[in-house]
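Only heavy atoms go into these numbers, but all of them, side chains included; no hydrogens, no water, no symmetry mates. First the proteins, then the strands, lettered A, B, ... as listed; each starts at 1.
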Amino acid sequence: MSKPLITDLNIPLFSFEECIWYIDRGFYDCLHIRTGNAIEKAISTDDGRSTTFTLEGHGNHLSIICEPEYRQEVLDYVSIWLDLNREMGSFESLASEEPKFMALYKAYRGLRLIRIPDLFEALAWSIIGQQINLNFAYQLKSRLVSKYGFQADNGVYIFPDPGTIAELQPAELKKLQFSQRKAEYLIGIANAMATGQLSREKLMKLKSVEAKCNTLISYRGIGPWSANYVLMRAIGCTNVIPHGDAGMINAYKKIFGLSQKPDNQEIITYLSHFPGWQSYVVLYWWRSLSDK
DNA sequence: CTCCAGGGCAAAT
DNA sequence: ATTTGCCATGGA
């Protein structure tokens, strides 16, 4: 490997610590490695190979350490991954007008929507995460990735291709403790993506988020929660709400001192104070759950 | 023991 | 049209 190249960025309304916290969160995830205050990752490159890179930083400063020949690809990837191109000023303005949200905004200021750039990975993660605790979900994902993914030089894995998973039988995933249903859903989605029936490009051609959402929901195993979750994390829509999300509902109850679950409409109504930023509010709610 | 986790499907009312 | 049972597992 040639001499690593360091790219230094200073990003307004960005917090390296908050973003790294979200990526890591103490769960074991073989798609990245955290060593101290740095994160190592690997990605597939356009030439059919792979490359590794490291993120370091502090406050609004971010350093990207990568192979020179893949500098632009890595920069593009990181920009999506950490949502660096988002203009955050209007979110701050909206937050400052909303008393029940202002404290959260200030506490986690600079946290960005951590994306899952690979659509298949996002769909798989949404299926895996249904109805089970996060710790077990990460275990399932790690088993899937370490068995069927690609391991890069730095030991970090790259998420498997849809084609690889499409070839599997449910029984093979059940060995990893997938439920029969989850196995069927995942293989079905892998098939849809492997055949090209479903792709990021096709999804992006649909103008409205409603159309995108309906397309995703048409696949078995993808319901309202998964569809909106995927639009948020893979596509980067910030005006969607992962309806039914247990974490979101618990955060809402906690913030507003409720003993009963709010319905979808109540959440929609409150979040209408943040037009275009609903998903970011949900992100900050998720973040708040980890503070006791 | 029961209930719930970053739900969704399919069968039963 | 709406409700209910089920899934795999682990922690509270």
Item to check | Closest-nucleotide 5' rank along DNA chain C - winner of A:Asn135 and A:Gln130 | outcome: A:Gln130
N or O in side chain of [X] less than 4.0 angstrom from [N] OP1/OP2:
{"X": "A:Arg220", "N": "B:dA10", "result": "yes"}
{"X": "A:Asn250", "N": "B:dA5", "result": "yes"}
{"X": "A:Ser179", "N": "C:dT9", "result": "no"}
{"X": "A:Gln131", "N": "C:dC7", "result": "no"}

Please classify the nucleic acid contact of [X] as base, sugar-phosphate, or nothing, using heavy-atom distances under 4.0 Å.
{"X": "A:Tyr22", "answer": "base"}
{"X": "A:Trp125", "answer": "nothing"}
{"X": "A:Ser226", "answer": "sugar-phosphate"}

Write down the distance between [atom1] ([X]) and [atom2] ([N]), rounded to a whole number of angstrom.
{"X": "A:Phe136", "N": "C:dA12", "atom1": "CZ", "atom2": "P", "value": "16 Å"}
{"X": "A:Leu173", "N": "C:dT9", "atom1": "CG", "atom2": "P", "value": "14 Å"}
{"X": "A:Asp245", "N": "B:dG7", "atom1": "CG", "atom2": "C1'", "value": "10 Å"}
{"X": "A:Phe178", "N": "C:dT9", "atom1": "CZ", "atom2": "P", "value": "12 Å"}
{"X": "A:Ile222", "N": "B:dC9", "atom1": "CD1", "atom2": "P", "value": "8 Å"}
{"X": "A:Lys174", "N": "C:dT9", "atom1": "NZ", "atom2": "P", "value": "10 Å"}
{"X": "A:Trp286", "N": "B:dA5", "atom1": "CH2", "atom2": "P", "value": "15 Å"}
{"X": "A:Lys253", "N": "B:dC4", "atom1": "NZ", "atom2": "C1'", "value": "11 Å"}

Item to check | Donor-acceptor under 3.5 Å (A:Asp161 side chain, A:Gly163 main chain) | outcome: no
Item to check | A:Arg143 side chain to A:Leu176 backbone, donor-acceptor under 3.5 Å | outcome: yes
Item to check | Under 3.5 Å side-chain donor-acceptor pair for A:Asp291 and A:Tyr108 | outcome: yes
Checklist entry - Which one, C:dT9, B:dC9, B:dG7, comes nearest to the side chain of A:Arg181? => result B:dC9
Checklist entry - According to the interplanar angle, ranging from 0 to 90°, do the rings of A:Phe91 and A:Trp277 count as parallel (below 30°), tilted (30 to 60°) or perpendicular (above 60°)? => result parallel
Checklist entry - For A:Asp153, does the CG atom sit with more than 12 other heavy atoms under 6.0 Å from it, leaving out its own atoms? => result no
Item to check | Interatomic distance at C1', C:dT2 relative to B:dA5, whole Å | outcome: 25 Å
Checklist outcome for this item: DNA chain B nearest-nucleotide lookup for A:Leu134 and A:Tyr219: closer to the 5′ end is A:Leu134
Item to check | Nearest-nucleotide comparison on DNA chain B, the residue closer to the 5′ end among A:Ile132 and A:Ile217 | outcome: A:Ile132
